[in-house]
2 protein chains.
Amino acid sequence: MKLQQLRYLVEVENRGLNVSEAAASLFTSQPGISKQIGLLEEELGVKVFERSGKRLTGVTPAGRQVLDQARRVLREAANLLRIGADFAEGSQGQLTIATTHTQARYALPEVVRNFVARHPGVRLHVQQGSPIQVADWLINGTAELGVATEALDQHAELVTLPCYQWSHAVVVPKGHPLLLREALTITSLAEFPLVTYDATFTGRSRIDRAFERHGLTPNVVLTAIDSDVIKTYVELGLGVGIIAEMAYDPMRDAGLAALPARHLFEVNITRLGFRRDLWLRRVEYDFVELLAPQLTRGMVEATIRGGGVDPSL
Amino acid sequence: MKLQQLRYLVEVENRGLNVSEAAASLFTSQPGISKQIGLLEEELGVKVFERSGKRLTGVTPAGRQVLDQARRVLREAANLLRIGADFAEGSQGQLTIATTHTQARYALPEVVRNFVARHPGVRLHVQQGSPIQVADWLINGTAELGVATEALDQHAELVTLPCYQWSHAVVVPKGHPLLLREALTITSLAEFPLVTYDATFTGRSRIDRAFERHGLTPNVVLTAIDSDVIKTYVELGLGVGIIAEMAYDPMRDAGLAALPARHLFEVNITRLGFRRDLWLRRVEYDFVELLAPQLTRGMVEATIRGGGVDPSL
DNA sequence: ATCCTTTACGCCCCGCGTAACCATC
DNA sequence: GATGGTTACGCGGGGCGTAAAGGAT
């Protein structure tokens, strides 16, 4: 068995069982791949692919297991290279963080600033997407670390750790009638048209749940994935905004007033996530500790070993 | 990077950093190993071994990580072969069960009988040792499955699942004064010389704890790893025996009388254990289900994924 | 008829073995 | 000097490329 053979297997599946395409993407010849796959199947004593004549038409049950396992072997082998890169002096490498708009815009800048100051040689990528995309990128290896409030804890492949918690805030144009009320209630909120996040973003699930618990149907007139878009439309008078509290800046958002809404919605916990079987370099541990000082290297390692039972805030 | 190179690395460490010995044990040449290790170190950009001149004198910090990771890669690669063997038709393979005397003698025979009837082609090995040995054998790959009451749950590498529970029983020669007492108490037991298991065997820890809780110091005059030895000496009148209840057979042990001791000692839970990262073949799942019917394939798989949090009895 | 895989074949790299050399104890 | 590791070098297997053949749609 050779690692090459496993790469061939996996790439053939990734390319929809098209050996020629796999060959092209690996910059090698198509017969070479066919040959090696044949040899591996012979060594294992099992056909990985179903064939009708000479076409590959599917994956056998055994092949399913073999392919999954092959990916695992390759991931562990890739970790070896990461270990090398981490310890090799001089080499700096790069680090990709997957995250959502809210985190990228309001929580991470300070972290990133500190990180690049400490690691001037590391090329840092911040890749922005939906929470689901963030989880996918972690799983398929596009990004090493993910920061998001939603979706990360839905995957057994990922370890997640609580970073910090935050609440929603209600934002309205200056002079809005809500500002005259004594106390902000969920019922009074439901009287107004609302502007808030898209379904899978930034604690939206908790917003919906709060209304649901009171038997209210909120009138959401606009959803965005982006606090700035929400604030813009609130300022235009389209409705009352519900955003993450850290997205309100009294200076910058001078046309708006914010009302704390901690008592209306469940607290949100923003989580750090990464593949359980990813070997973390020092840069990753460093970034994590800058992001959330309580997540020391020892803490994180204990959680990885401990089977994902994290010490929730 | 080649799998061979990883094997070389690991074998050199296993042989105490002696390349020549490693070469001999792998049936290859010593210069070949030196060369390949050098190439790998170059590829990783990191020295794995410390050298004083030409001798290997130690493992660098990076090398420690590399070696651990190399073993992981090789284990996952070995799993691929297991998958092949499991699905390949005709091939039967072998299965090694590590266990203690008590289990091997009293609990497993029925299981083994059923197993060999169902899998006549599988070569079944039952390897007997101390609970600590059982755990070691599982960790180093000597055995696939382990069955023991002690020690297995001390290791993060192992998944353990409860199989069945049992209690201790007190055995005495016929006509012994204890038989005249109304109720068997821990205090009355402490009056007599005792014969029971060795420190790390068969629930001995719970026996000690029961006396300790009552502030008693039992007079243990003989310890054995083996219920039959204990019974033999009890029959000789050396003392009162405390053994696992299933080790008493009224027919075979006609010279002895047994007193239930369920109320004196904590219940014991015999556990199944195996390496978390071992891919289990159908034969292993079959054996497990014969051993403990509640441990279906689905249950076991859920526990592996679930991070070792087992649904204790 | 076209696309794609397998078979055939030859080159060349590279892993391995032998032999010689060298360092440490 | 004995043990053990590195360097040197040549052989042989095998991985990969090109070319041709053979199924499947």
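Within every chain, numbering begins at 1; the chains are lettered A, B, ... in the order of the sequence lines, protein sequences first and strands thereafter. No experiment lies behind these values; they were computed from the predicted model shown.
- You'll find the side chain of A:Gln94 stays beyond 4.5 Å of the side chain of A:Leu124, heavy atoms only.
- Residue contacts shown for B:Ser29 include a base, since a base heavy atom lies under 4.0 Å away.
- Between the CG atom of A:Leu3 and the P atom of C:dC14 there is a distance of 16 Å, rounded to whole Å.
- Taken residue by residue, residues 40-55 of chain B places heavy atoms nearer than 4.0 Å to DNA chain D at B:Arg51, B:Lys54, B:Arg55.
- A donor-acceptor pair shorter than 3.5 Å can be found between the side chains of A:Ser34 and A:Gln30.
- Nucleic acid contact class of A:Gln36 (heavy atoms, under 4.0 Å, all strands): sugar-phosphate only.
- The interatomic distance linking B:Glu21 (CD) with D:dG4 (C1') rounds to 11 Å, in whole Å.
- Going from atom CD1 of A:Ile33 over to atom C1' of D:dG17 covers 13 Å, rounded to whole Å.
- With 3.5 Å as the limit, one finds a donor-acceptor pair spanning the side chains of B:Glu150 and B:Ser205.
- With no hydrogens or angles considered, a side-chain donor-acceptor pair links A:Ser25 and A:Glu11 at under 3.5 Å.
- Atom-to-atom, OH of A:Tyr8 to P of D:dG15 comes out at 9 Å; the value is rounded to the nearest Å.
- For A:Ser34, taking side-chain heavy atoms from C-beta onward, the closest of the listed nucleotides D:dC16, C:dA19, C:dT6 is C:dT6.
- Between B:Phe115 and B:Phe287, the ring-plane angle classifies as perpendicular under the 30° and 60° cut-offs.
- Between A:Gln5 and D:dG15 there is no side-chain N or O to OP1 or OP2 distance below 4.0 Å.
- Atoms NZ (B:Lys2) and P (D:dG14) sit 14 Å apart, rounded to a whole Å.
- Closest to the B:Asn18 side chain, of the nucleotides C:dT5, D:dG5, C:dT18, is D:dG5.
- For B:Thr28 and C:dG17, the shortest distance from a side-chain N or O to OP1 or OP2 is below 4.0 Å.
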(request) Starting from the C-alpha separation in whole Å, work towards a yes-or-no answer on side-chain contact (heavy atoms from CB on, under 4.5 Å) for A:Leu280 and A:Glu144. (result) CA-CA 8 Å; A:Leu280 297 183; A:Glu144 281 93 23; 5.8 Å; no
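- Nucleic acid contact for B:Ile37: none, since no nucleic acid atom lies under 4.0 Å from a heavy atom of the residue.
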(message) Could you go through A:Asp68 and A:Gln65, starting from their C-alpha distance and side-chain angles, then the distance that decides it, and tell me whether this counts as side chain to side chain donor-acceptor pair (under 3.5 Å)?
(response) CA-CA 5 Å; A:Asp68 291 347; A:Gln65 303 288 325; 5.5 Å; no
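- B:Leu26 comes within contact range of no nucleotide atom at all, as no heavy-atom separation falls under 4.0 Å.
- The distance between atom CZ of B:Arg7 and atom P of C:dC16, rounded to the nearest whole Å, is 10 Å.
- For the contact set between residues 56-64 of chain B and DNA chain D, defined by any heavy atom under 4.0 Å, there are no members.
- A donor atom on one side chain and an acceptor atom on the other are not found under 3.5 Å apart for B:Gln36 and B:Gln4.
- Take the nearest nucleotide of DNA chain D for B:Val19 and for B:Lys35: the residue whose nucleotide is more 5' is B:Val19.
- If you check every strand for non-hydrogen atoms under 4.0 Å, A:Gln30 touches a base.
- If you take CZ of B:Arg15 and P of D:dT3, they are 18 Å apart, rounded to a whole angstrom.
- A donor-acceptor pair under 3.5 Å is formed between the side chain of A:Thr303 and the backbone N or O of A:Met299.
- Look at CG on B:Leu39: it is 12 Å from C1' on C:dC16, rounded to the nearest Å.
- Within the structure, every side-chain polar atom (N or O) of B:Ser20 is placed at least 4.0 Å from both OP1 and OP2 of D:dT3.
- Cation-pi geometry between A:Arg82 and A:Phe87 is not satisfied (NZ or CZ under 6.0 Å from the ring centre, within 45° of the ring normal).
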